Amino acid sequence: MEYNFSEIERKWQKRWAENGTYTVREDASRPKYYVLNMFPYPSGAGLHVGHPLGYIASDIYARYKRQCGFNVLNPMGYDAYGLPAEQYAIQTGQHPAVTTTNNINRYREQLDKIGFSFDWNREVRTCEPGYYHWTQWAFQKMFGSWYDNSLQKAQPIESLIRHFEEKGTEGIDAARSEELSFTADEWKAYSDREKSDILMNYRIAYQGETMVNWCQGLGTVLANDEVVDGVSVRGGFPVEQKKMRQWCLRVSAYAQRLLDGLETIDWSDSIKETQRNWIGRSEGTEMVFRVKDSDFNFTIFTTRADTIFGVTFMVLAPESELVPTLTTAAQKAEVDAYVDRVKKRTERERIADRRVTGVFSGSYAINPLTGEDVPIWISDYVLAGYGTGAIMAVPAHDSRDYAFAKHFGLEIRPLIEGCDVSEESFDAKDGIMMNSPRPDQVREGGLVLNGLTVKEAIAATKKYVEENHLGRIKVNYRLRDAIFSRQRYWGEPFPVYYRNGIPTMVPESCLPLELPEISEYKPTETGEPPLGHAVKWAFDTKTDTVVDKSLIDNVTVFPLELNTMPGFAGSSAYYLRYMDPHNDKGLVSKEADSYWKCVDLYLGGSEHATGHLIYSRFWNKFLYDIGCSVVEEPFSKLINQGMIQGRSNFVYRIKDTNTFVSLGLKNQYDTTPIHVDVNIVSNDVLDVEAFKAWRPEYSTAEFILEDGKYICGWAVEKMSKSMFNVVNPDVVIEKYGADTLRMYEMFLGPLEQSKPWDTNGIDGCHRFIRKMWNMFTDRDGNLCLSDAEPSRDELKSIHKLIRKVTEDIGNFSYNTSVSAFMICVNELSALKCNNREVLGILVRLIAPFAPHIAEELWEMLGNSTSVCDSNWPEFKEEYLKEDSVTYSISFNGKTRFTMDFPLDAASDQIQAAVLANEKAQAYIDGRTIRKVIVVPRKIVNIVL
RNA sequence: GCUCGAAUGGUGGAAUGGUAGACACGAGGGACUUAAAAUCCCUUGACCCUUACCGGUUGUGCGGGUUCGAGUCCCGCUUCGAGCACCA
């Protein structure tokens, strides 16, 4: 029987589906294991060979865990809302739901061919009402919550209202947008509108007037992680800063917990570091500066309190609320002009042009330690959104302050011994402090830092500032709240209506609030988001139903929200939904959640480090606070699989001809490299006939060959259609089968590393699979197995494999385990092994990697159950034991010869035997032996 | 600028401080074959010695160090990649 992979693979894929082999249920008698991939956005281009890399890796792990006796949850679904489907809809008028469904079907078809162990009964699609019901529900819960800093936990908003009614803001430590202060009586006197506005200041999902990243090209606002270098990640359109009323999520409230949580999870250092950077915790001091000749004072934030004696000016952000207050009449015109100019600049221009600009406000602040007057300047190098939007400038020890001081001719006062500030500032946090003013020059009990190290000086200043009530120790975070509205159609609608302008939640019983049909996917003429086109988009509070907009009377029928939620909304809690995907009473049942708890192994690309992986950690922490998720961190182990890049091939056309010259000879001609479809190139050899047929203009092409072949050049580039380097897994499966594809993708290199797809090595994997197949059958293709006792060599070989593969899967080192399979099969072939027991072990070991052939062979071995339900083979050390051990004998660390010793020989016996050896004497040759080192089972080193 | 990674043959990549280059590709040679494909066997870091065998030198980005012994550990660089970035 020949190895007919297409028939075998079809047969088993069908049988798995029919038998529900991968259906999983909660089972308290078995330990659980939850494996998850980041679910894909089903794009129109379908899968290329890079997509399945992570799925294969996690499928191997899932299958392995199952064979180890775990009840494994390995689900798959689709992140179905997104911009490309909507952009396509704008162009073609095709409903995004239609294109999305088509794309999903295509993905499913491709995925099924690879032989994954997904439980498709648990599939989720973020765009389905049954799913986004719970996205909307979570949003409402966040709206109905505030964050109590003293408990470090989300609380129901009702408890805050109660507190306001009893004590006003007194004694509340809440995460908030702005510091507010009012009494219980004042609270009670506020109008509904005012109360709503005040509560927005505390809610976890809130509406706020904030600076947002507005992208004209996409017609929507974007989150910080969706903007890179001042342009949108999708489309590369310019992004500007604009003040808009938007829904936001108070992610910043969770900054410290998001940071602390990193210590408890098994993620790569680089991802953790990226998240730490993004959260940007910075420990420093807030100091209050009085304004000269005024009752006014303001607060600055600094991490270098020790440099207080080097302050020679202050700087405010142009957007700072302090600017109008601190600008003197004389400076007003100049300041206004400057602020105006800054406002007009887009983020992009600000980044591109970093020339020093600024203007003097006319006012002076008083250094709280020295009493000295320092001028207050305004400049856009200070950001309004960070710290207090105001800084104390120390040009000697901060490069930005230095550049500013040089430009405007301000004083630069060095504070660290031996530093040279004539050319640049000395920013390093080391050295010995100097130049503190003498105690008698400043206020009584003045601070002197001379002679201290920078670190000591920071601590001493902090202490002094606290004790003298000049400010306080403060921790700042760079992490901002997430902007949660998008002016787009293809997303979750907000379950919100506007009761006389006050945002109000539709009752929970009305969820899901379904996305309405619209006639056009563009913004309306009045600039409203696309949902402005929806006719049936008003909320009737009498009947609790969605009704026609024409019925809006603002008495019982109100307009519904026109924004939709961003992409990360639907992907933030999908892992919980997989636990209980058909539940219509809740996101996830208590039982399912307490059984599956959290994702044990999560695989996905590192590009989600500052987006999805922050948002879903935040989202889960919130659900944990309100008792809907049993663990605080959703993903206990994370592996970032690398990207598969394209490997492009080139042909070289001689200028102004239709003649192509092979790589090795191209230097003899003047040539232009041209991308050629990698699918008509094999091992860098061009299929000349296929090339002629590829494009009409090449039908008459001529070739200059080397050794009768046309050799193509190559380069590693992004996998993309325009480079003709996209490889479709279907094509590979057609030619080699899914098992070969799976083995080869793993063999390509370490999972976490990015690497180019290179078909050159795939034959090796395919040969290996055939070779394994041939071990089970004789020359005529008949099954030929022996029931004899396995030989010692066979057992040794197979147990070496058990140990290696078990160890490698644990480390996700799949490329080395594929090698181990090859070695073992070679060894067993050489031994002409056809032993039923040994081959049974081999089949069980390879089942996670190449499940189709494993099932087929497992059946041929006479088993009636799926190999998925077999046990993982047990490793026995005893089979690896040898009679003797070969030692390398080294002299001064250089290996000269080898010797065998009995297995249990003691080191002194070994020493004696080596020294008695003739060869050893030749190397010693009269020199004194200083030392003899015996490394058990490996080496004897004689030091002369 | 700060932070985190990485660097090994023609290529992808292996190596708990202990024989560097496993395994695979490619290349070269051979067997089988009318021929090709497929399959199998041998060689394959560089250099030197040798008719051949045997052998030797050198070798993991660069420079030091620790060690009997370093691709691996320590110190100092170079280059590449990633993240953050007027974040005070």
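Bear in mind the structure is a predicted one, so any value in this text is a computation, not a measurement. Lettering of chains follows the sequences in order, A, B, ..., and the numbering in each one begins at 1.
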Asks: Which of these nucleotides, B:G13, B:A88, B:C23, is closest to any side-chain atom of A:Asn815?
Replies: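 The listed nucleotide nearest to A:Asn815's side chain is B:G13.
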Asks: Would you mind reporting whether A:Gln645 and A:Ser754 have side-chain heavy atoms less than 4.5 Å apart?
Replies: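 Yes, side chains in contact.
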Asks: Please tell me whether A:Tyr744 and A:Trp757 form a close aromatic pair, meaning their ring centres lie under 6.0 Å apart.
Replies: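 Ring centroids of A:Tyr744 and A:Trp757 are less than 6.0 Å from each other.
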Asks: Between A:Gln753 and A:Trp278, who's closer to the 5' end of RNA chain B by nearest nucleotide?
Replies: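 Here A:Gln753 is the residue nearer the 5' end.
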Asks: Both A:Arg647 and A:Cys765 contact RNA chain B. Taking the nearest nucleotide for each, which residue is further toward the 5' end?
Replies: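 Counting from the 5' end, the first nearest nucleotide belongs to A:Arg647.
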Asks: Just the rounded figure in Å: distance from P of B:U11 to CH2 of A:Trp757.
Replies: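 Rounding to the nearest Å, CH2 of A:Trp757 and P of B:U11 are 21 Å apart.
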Asks: Establish, with yes or no, whether the OP1 or OP2 oxygen of B:C25 is under 4.0 angstrom from a side-chain nitrogen or oxygen of A:Arg767.
Replies: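 Checking B:C25 against A:Arg767, a side-chain N or O does come within under 4.0 Å of OP1 or OP2.
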Asks: Any sub-3.5 Å donor-acceptor pair from A:Arg281's side-chain atoms to A:Asn476's backbone N or O?
Replies: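 Side chain of A:Arg281 to backbone of A:Asn476, a donor-acceptor pair under 3.5 Å: no, none is there.
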Asks: Let me know the distance between CD1 of A:Ile614 and P of B:C84, rounded to the nearest Å.
Replies: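 In whole Å, B:C84 P and A:Ile614 CD1 are 11 Å from each other.
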Asks: If only atom types and distance count, is the side chain of A:Lys455 paired as donor or acceptor with the main-chain N or O of A:Lys429 below 3.5 Å?
Replies: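 Absent.
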Asks: Can you find an N or O donor on one side and an acceptor on the other, under 3.5 Å apart, linking the side chain of A:Lys938 with the base of B:U16?
Replies: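 In this structure, the two groups form a donor-acceptor pair.
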Asks: Which ranges of RNA chain B pair up as stems, where a stem means three or more consecutive Watson-Crick or G-U pairs with both distances under 3.5 Å?
Replies: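 So the stems come out as B:1-7 with B:78-84, B:10-12 with B:23-25, B:26-31 with B:39-44, B:45-48 with B:55-58, B:61-65 with B:73-77.
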Asks: Which value, in whole Å, describes the distance between the C1' atoms of nucleotides B:U51 and B:G61?
Replies: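 Looking at atom C1' only, B:U51 and B:G61 are 41 Å apart.
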Asks: Charged N to carboxylate O under 4.0 angstrom, A:Glu827 versus A:Lys800?
Replies: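 A salt bridge links A:Glu827 with A:Lys800.
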Asks: Taking the same atom, C1', in B:A46 and in B:U39, what whole-Å distance lies between them?
Replies: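 Their C1' atoms lie roughly 33 Å apart.
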Asks: Rounded to whole angstrom, note down the C1' distance from B:U60 over to B:G71.
Replies: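 The same atom, C1', in both gives a distance of 5 Å.
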Asks: Nearest to the side chain of A:Phe301, which nucleotide is it out of B:G18, B:A24, B:A88?
Replies: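 The listed nucleotide nearest to A:Phe301's side chain is B:A88.
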Asks: A:Arg480 near the nucleic acid: base, sugar-phosphate alone, or nothing, with a heavy-atom cut-off under 4.0 Å?
Replies: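 Here A:Arg480 touches the bases of the nucleic acid.
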Asks: Which part of the nucleic acid, if any, lies within reach of A:Ser888 when heavy atoms closer than 4.0 Å are counted: base, sugar-phosphate only, or nothing?
Replies: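 If one applies the 4.0 Å heavy-atom cut-off, A:Ser888 turns out to touch a base.
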Asks: For the C1' atoms, the ones on B:C68 and on B:C2, what distance do you get once it is rounded to whole angstrom?
Replies: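 Result for the C1' pair: 42 Å, nearest Å.
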Asks: Please report the distance, rounded to the nearest Å, between CG in A:Asp763 and C1' in B:U11.
Replies: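 Result: 15 Å.
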Asks: Between B:G83, B:C68, B:G12, spot the one nearest the side chain of A:Phe747, thanks.
Replies: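 Closest nucleotide to the A:Phe747 side chain: B:G12.
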Asks: Over how many whole Å does the gap from A:Asn640 atom CG to B:G5 atom P extend?
Replies: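 Atom CG in A:Asn640 sits about 15 Å away from atom P in B:G5.
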Asks: Using the six-membered ring wherever Trp is involved, compare the ring planes of A:Trp377 and A:Phe404 and label them parallel, tilted or perpendicular (cut-offs 30° and 60°).
Replies: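 Perpendicular.
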Asks: Please classify the nucleic acid contact of A:Pro756 as base, sugar-phosphate, or nothing, using heavy-atom distances under 4.0 Å.
Replies: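 Counting heavy atoms under 4.0 Å across all strands, no contact is made by A:Pro756.
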Asks: Say we look at B:G64 and B:A70: how far apart would their P atoms be, to the nearest angstrom?
Replies: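 It works out to 14 Å between them.
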Asks: Does A:Leu748 reach a base, just sugar-phosphate, or nothing at all? Heavy atoms under 4.0 Å.
Replies: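 It contacts sugar-phosphate atoms only.
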Asks: Do the side-chain N or O atoms of A:Arg478 get closer than 4.0 angstrom to the phosphate oxygens (OP1, OP2) of B:A85?
Replies: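 Yes.
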Asks: Expressed as a whole number of Å, how far does the C1' atom of B:U19 sit from that of B:G69?
Replies: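 To the nearest whole Å, 12 Å.
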Asks: By nearest atom, which of the nucleotides B:C40, B:C84, B:C4 is closest to the A:Lys771 side chain?
Replies: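 Of the candidates, B:C40 comes closest.
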Asks: Rounding to a whole Å, what distance do you find between A:Met822:CE and B:C23:C1'?
Replies: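 Distance, rounded to whole Å: 7 Å.
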Asks: Using only side-chain N and O atoms of A:Lys755, determine if any of them is under 4.0 Å from OP1 or OP2 of B:G12.
Replies: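 A:Lys755 to B:G12 OP1/OP2: no side-chain N or O under 4.0 Å.
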Asks: Take atom P in B:A20 and the same atom in B:G1, then report the distance between them in whole Å.
Replies: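 That atom pair is separated by 40 Å.
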Asks: Give me the ring orientation class for A:Tyr3 and A:Phe5: parallel if the planes are under 30° apart, tilted from 30 to 60°, perpendicular past 60°.
Replies: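 Tilted, since the angle between the ring planes falls between 30° and 60°.
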Asks: To the side chain of A:Tyr386, which of B:C84, B:A88, B:G18 is closest?
Replies: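 Of B:C84, B:A88, B:G18, B:A88 is nearest to the side chain of A:Tyr386.
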Asks: B:G9: syn or anti, with syn meaning chi within 90° of zero?
Replies: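 Syn conformation for B:G9.
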Asks: Ignoring the backbone of A:Asn941, work out which of B:A88, B:G83, B:G69 is nearest its side chain.
Replies: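 Selected nucleotide: B:G69.
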Asks: Answer yes when A:Asp763 and A:Arg767 have at least one side-chain N-carboxylate O distance shorter than 4.0 Å, and no when they do not.
Replies: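 Salt bridge: no.
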Asks: I'd like the C1' distance from B:G5 over to B:A27, given in whole Å.
Replies: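 Comparing C1' positions in B:A27 and B:G5 gives a spacing of 34 Å.
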Asks: May I ask you to decide if the ring planes of A:Phe821 and A:Phe768 are parallel, tilted or perpendicular, using 30° and 60° as cut-offs?
Replies: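 If you compare the ring of A:Phe821 with that of A:Phe768, the planes turn out tilted.
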Asks: Separation of A:Arg803 atom CZ from B:U16 atom P, in whole Å?
Replies: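 Rounding to the nearest Å, CZ of A:Arg803 and P of B:U16 are 13 Å apart.
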Asks: Where the side chain of A:Ser819 is concerned, which of B:C68, B:A88, B:C23 is the nearest nucleotide?
Replies: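 From the listed options, B:C23 comes nearest.
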Asks: Any donor-acceptor pair under 3.5 Å linking the side chain of A:Asp266 with the backbone of A:Leu638?
Replies: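 Checking the backbone N and O of A:Leu638 against the side chain of A:Asp266, no donor-acceptor pair under 3.5 Å is found.
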Asks: When you measure from the side-chain N and O atoms of A:Ser399 to the phosphate of B:C86, is any distance below 4.0 Å, counting only OP1 and OP2?
Replies: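 Checking A:Ser399 against B:C86: no side-chain N or O falls below 4.0 Å of OP1 or OP2.
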Asks: What nucleotide among B:C86, B:C68, B:C23 has an atom nearest to a side-chain atom of A:Ile823?
Replies: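 So the nucleotide nearest the side chain must be B:C23.
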Asks: If I take atom CD1 in residue A:Ile378 and atom P in nucleotide B:A88, what distance separates them, rounded to the nearest angstrom?
Replies: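 From A:Ile378 CD1 to B:A88 P: 22 Å.
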Asks: For the side chain of A:Asp398, starting at C-beta, report the closest nucleotide among B:C84, B:A88, B:A15.
Replies: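 Taking heavy atoms from C-beta onward, the closest nucleotide is B:A88.
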Asks: Nearest whole angstrom, please: distance from the C1' of B:A38 to the NE2 of A:His766.
Replies: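 Going from A:His766 (NE2) to B:A38 (C1'), I get 11 Å.
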Asks: Looking at A:Asn826, I'd like to know whether one of its side-chain N or O atoms comes within less than 4.0 Å of OP1 or OP2 on B:C40.
Replies: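 Indeed not, no polar side-chain atom of A:Asn826 lies that close.
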Asks: Can you tell which of B:C68, B:A88, B:C25 lies closest to the side chain of A:Asn760?
Replies: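 Taking heavy atoms from C-beta onward, the closest nucleotide is B:C25.
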Asks: Taking the six-membered ring of A:Trp267, is the NZ or CZ of A:Arg276 close enough (under 6.0 Å from the centre) and on axis enough (within 45°)?
Replies: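 No, A:Arg276 does not sit over the ring of A:Trp267.
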